[in-house]
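Notes to accompany the following structure.
In what follows, chains are A, B, ... by sequence order, proteins preceding strands, each numbered from 1.
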Protein chains: 2
Amino acid sequence: MNRPITLYIIDDHTLVTDGIKAMLAGNNSLTVAACFSNGADFFRGIKISQPDVALIDIQLPDMSGIEIARILSETYPQVKTLILSALEDEASVTAAIKSGARGYLTKDCPKDELIKAVESVIAGNIYFGEGLSERMFKGYLQKLTRQEVPDESKAILTDREKEVVQLFAEGLLYKQIADRLQISIKTVETHKANIMRKLEIKNTAELVKYAIRQNLTSL
Amino acid sequence: MNRPITLYIIDDHTLVTDGIKAMLAGNNSLTVAACFSNGADFFRGIKISQPDVALIDIQLPDMSGIEIARILSETYPQVKTLILSALEDEASVTAAIKSGARGYLTKDCPKDELIKAVESVIAGNIYFGEGLSERMFKGYLQKLTRQEVPDESKAILTDREKEVVQLFAEGLLYKQIADRLQISIKTVETHKANIMRKLEIKNTAELVKYAIRQNLTSL
DNA sequence: CTACACATCAGGGTTTTCCCTGATAATAAG
DNA sequence: CTTATTATCAGGGAAAACCCTGATGTGTAG
C-alpha cells in the first residue's frame, strides 16, 4: 500500500478540524497530519514538515486563507492547497485560484466530496464543488488569461486610500476626513471615487463591509 | 443503560454536521437523531419528533438561530437549545440567553466541550464555554435584573425597522427601500431616524455594523 | 374610553454626497 | 525622457440624505 496522503488543516473552528479528523479516522489513505488555528502557527509548522495537501479556511483570525495560499504556492509549490469557505461567491472562488489554490470547497459540501477533492488535487487536477466547476471555472479561465479579475485579497488600494476607507468605515463625513488627514474635501472625494472604482462597489455599506473584512475597522 | 440523549443539529454546513456526527459515532450516550440545514426544515422535523437537545447554528440561510431558539422555547420548552456560533461577541451571547437558549458554544470549542455542554443542559444547567461563563454571565445577569443598560441584543427595533436596517445595510437608497417596501420615501426617512435614535448611533457605517452583528446582512 | 406604540405620510429647508471635467506636482519605472 | 502612479485640488450642478415640525389611522393594553 502507498504511503497515506498527509493533510494539514488550517481552521480556527475546532469543531470543523475535529470533525474532519473524525471523518477520516477510518480512512487509511488519508491522514490529518496536523491542524492549525491561524496562519502564523501554520507557517511555523510547515517549516518543519510539509504535507501533501493543505486545507485552508478562508476566514482566519490573523490573515486570509487566500493570502496563505498565495504565499504557500510561492514558497512550497509542491504543497497542494484547498480553500475551505462558508461562502460560495464568485469573487472568493476566483481569488482562490489566483492565489494558487488547487480547489475550493464550501463547508456545506458532502463529506465524500472532501475526500474526492483531496484525491483530485493530488492527481494534479483542479477541483471545484459540483456545479461550480462548469458554471464558474470556464468563465474564470477566460478572465484569468486576460488579467482582468479584481482580486480583493490582493487589495489594490494604496496606503492613503486604506486610510480613507478606514475613516469612512468609522462613519466620518467627508469634511471630518479632510480635517483629520489635513487635505481638502475634494481630495477625499477623489479618493473615495477611486476606491469605489477599484473595488467595484457602489455604496458605502459595501465599503464598510470591505473595511471590516480587511480589518481596517472593528465590528 | 439509559436511553441515549437525542440531538438535532441545525447547521447549513455539512462539514460541521457530519463532523459532529462522526465525533459522536462512538459515543452511545449521545446520538444525532437528525440534521437540518435551515429553520423551515427543522420546524417541519420537530413536529414529527422532538429531540432532547437542539444544537443550532446562529447563521442560517433562512432565519437566525436566535429566532429559532426563541420560537422553540415557546413551542417546545422541553427541548433544550444550544446556540452554535463562529463568533463570541457579548451581544450574541446575551441575545442567545434571552431567546431561551440554554448554552452558547463557539465553533472553535474543543470537541469534549460539546459533549460536556449537552450533558450540562440536559442536567438542567445553563452552559457557556469556559471563561465565558464567569466573564460575561454575571454581568449579563446584572443587566437583566436592572433593565437599565441599553441592550443591543434586546433589539428594541420593530420588525418593520429591522427590515429597513437590513435594506440600508445592503446599500439601498431611500428611494429603492421605499419601492421595495411599497411605502414613501418620507416613511423610510422616519424609520431611519427612529432607528438611529433608538440605537444611539450617528451614521450609516454604524448602522451597517449593527446589521452585521444582528445577522441582518452578511459580510 | 384612553393612552400608547406603530406605521404611515407631507412640506420645506439645509447639508452632504455624488458626478463630471478638468488640473498640478512628486515620484517611480521603463 | 517619457510614462504611470499617486496624491493633491477646483468648479459647478444634480441627487441624495438629513432635519424639523407636524399629521393620520390602526391597533392594543389598561
Side-chain angles (χ1 to χ4, degrees), chain A residues 146-211 214 216-217, chain B residues 67 70 74 98 147-148 150-211 214 216-217:
Chain A
R146 298 183 200 163
Q147 262 88 4
E148 62 194 6
V149 181
D151 187 349
E152 180 169 289
S153 73
K154 224 170 214 157
I156 341 103
L157 299 188
T158 66
D159 289 344
R160 195 56 153 175
E161 283 165 346
K162 283 180 198 164
E163 281 187 279
V164 174
V165 167
Q166 188 191 342
L167 295 174
F168 270 114
E170 304 286 354
L172 275 67
L173 301 177
Y174 282 79
K175 178 76 173 59
Q176 296 171 322
I177 294 173
D179 289 346
R180 184 82 77 86
L181 299 180
Q182 289 285 292
I183 55 180
S184 93
I185 285 190
K186 283 296 179 181
T187 305
V188 179
E189 282 188 57
T190 304
H191 282 313
K192 174 95 178 277
N194 288 336
I195 291 161
M196 303 287 263
R197 184 179 42 75
K198 285 183 180 180
L199 300 180
E200 294 186 73
I201 57 181
K202 280 151 211 71
N203 53 63
T204 308
E206 285 299 324
L207 190 66
V208 174
K209 293 179 187 179
Y210 171 84
Q214 299 296 317
L216 295 173
T217 189
Chain B
E67 181 66 7
R70 199 187 55 71
E74 288 170 359
K98 294 215 69 178
Q147 260 94 4
E148 65 192 1
D151 185 351
E152 182 169 284
S153 73
K154 201 185 253 170
I156 341 106
L157 300 188
T158 66
D159 290 344
R160 195 56 154 175
E161 284 165 346
K162 283 180 200 163
E163 282 187 277
V164 175
V165 168
Q166 189 191 340
L167 295 175
F168 269 114
E170 303 286 355
L172 274 67
L173 301 177
Y174 281 78
K175 177 76 172 62
Q176 296 171 322
I177 294 173
D179 288 345
R180 183 83 77 87
L181 299 181
Q182 290 284 290
I183 55 180
S184 93
I185 285 188
K186 282 296 178 180
T187 306
V188 179
E189 281 189 58
T190 305
H191 283 312
K192 175 96 179 274
N194 289 336
I195 291 160
M196 303 287 263
R197 184 178 42 75
K198 285 183 180 180
L199 301 180
E200 297 183 69
I201 57 181
K202 280 151 211 70
N203 53 64
T204 309
E206 286 299 324
L207 190 67
V208 173
K209 293 178 186 178
Y210 171 84
Q214 298 297 315
L216 294 173
T217 190

A:Ser184 side-chain N/O to A:Thr187 backbone N/O, donor-acceptor pair under 3.5 Å: yes
Salt bridge (Lys or Arg N to Asp or Glu O under 4.0 Å) involving B:Arg160 - partner list, sequence neighbours excluded: B:Glu163
Inter- and intrachain pairs under ring pair (Phe, Tyr, Trp, His ring centres under 6.0 Å), touching residues 164-186 of chain A, at least two apart: A:Phe168-A:Tyr174
Whole-Å gap separating P (C:dC6) and NE2 (B:His191): 11 Å
Touch class at under 4.0 angstrom, heavy-atom based, for A:Ser184 against every strand present: sugar-phosphate
Under the side chain to side chain donor-acceptor pair (under 3.5 Å) test, residues paired with B:Asp179 that sit two or more places apart: B:Lys175
d(CG, A:Asp159; C1', D:dT8) in whole Å: 16 Å
Phosphate OP1/OP2 of D:dC9: any A:Thr187 side-chain N/O under 4.0 Å: yes
D:dT5 OP1/OP2 closer than 4.0 Å to side-chain N/O of A:Arg160: no
A:Lys186: partners by side chain to side chain donor-acceptor pair (under 3.5 Å), with sequence neighbours left out: none
Phosphate OP1/OP2 of C:dC9: any B:Thr190 side-chain N/O under 4.0 Å: no
The helix from C:dC1-D:dG30 to C:dG30-D:dC1: angle between end helix axes, five pairs per end, rounded to 10 degrees: 50°
side-chain contact (heavy atoms from CB on, under 4.5 Å) partners for B:Glu67, two or more places apart: B:Met63, B:Ser64, B:Arg70, B:Ile71
Filtered N/O pairs between nucleotides 14-18 of chain C and protein, under 3.5 Å:
unit_1: C:dT17; atom_1: OP1; unit_2: A:Tyr174; atom_2: N; d: 3.4
unit_1: C:dT17; atom_1: OP2; unit_2: A:Tyr174; atom_2: N; d: 3.2
unit_1: C:dC18; atom_1: OP2; unit_2: A:Tyr174; atom_2: OH; d: 2.1
unit_1: C:dC18; atom_1: OP2; unit_2: A:Lys192; atom_2: NZ; d: 2.9

Sub-4.5 Å side-chain heavy-atom contact between A:Thr204 and B:Thr204: no
B:Leu157 CG - C:dA5 P separation (whole Å): 15 Å
Residues in side-chain contact (heavy atoms from CB on, under 4.5 Å) contact with B:Leu173, at least two apart in sequence or another chain: B:Gln176
Whole angstrom value for the distance that separates C1' of D:dC19 from NZ of B:Lys202: 16 Å
B:Ile195 CD1 to C:dT8 C1', straight-line distance once rounded to whole Å: 14 Å
Nucleotide C:dA25, atom P - distance to CD1 of A:Ile183 in whole Å: 19 Å
Partner set under side chain to side chain donor-acceptor pair (under 3.5 Å) for A:Glu189, not counting sequence neighbours: none
Any B:Val188 side-chain heavy atom under 4.5 Å of B:Arg180 side chain: no
Report each atom pair, protein N/O against N/O of nucleotides 27-30 of chain D, whose distance is under 3.5 angstrom.
none

Between D:dT6 (C1') and A:Glu163 (CD): distance, integer Å: 13 Å
Residues in side chain to side chain donor-acceptor pair (under 3.5 Å) contact with B:Glu170, at least two apart in sequence or another chain: B:Thr217
Pairs where residues 177-209 of chain A contributes a residue and the test ring pair (Phe, Tyr, Trp, His ring centres under 6.0 Å) is met, not counting sequence neighbours: none
Gap between atoms CD1 and C1', on A:Ile177 and D:dA7 respectively (whole Å): 16 Å
C:dA5 OP1/OP2 closer than 4.0 Å to side-chain N/O of B:Thr158: no
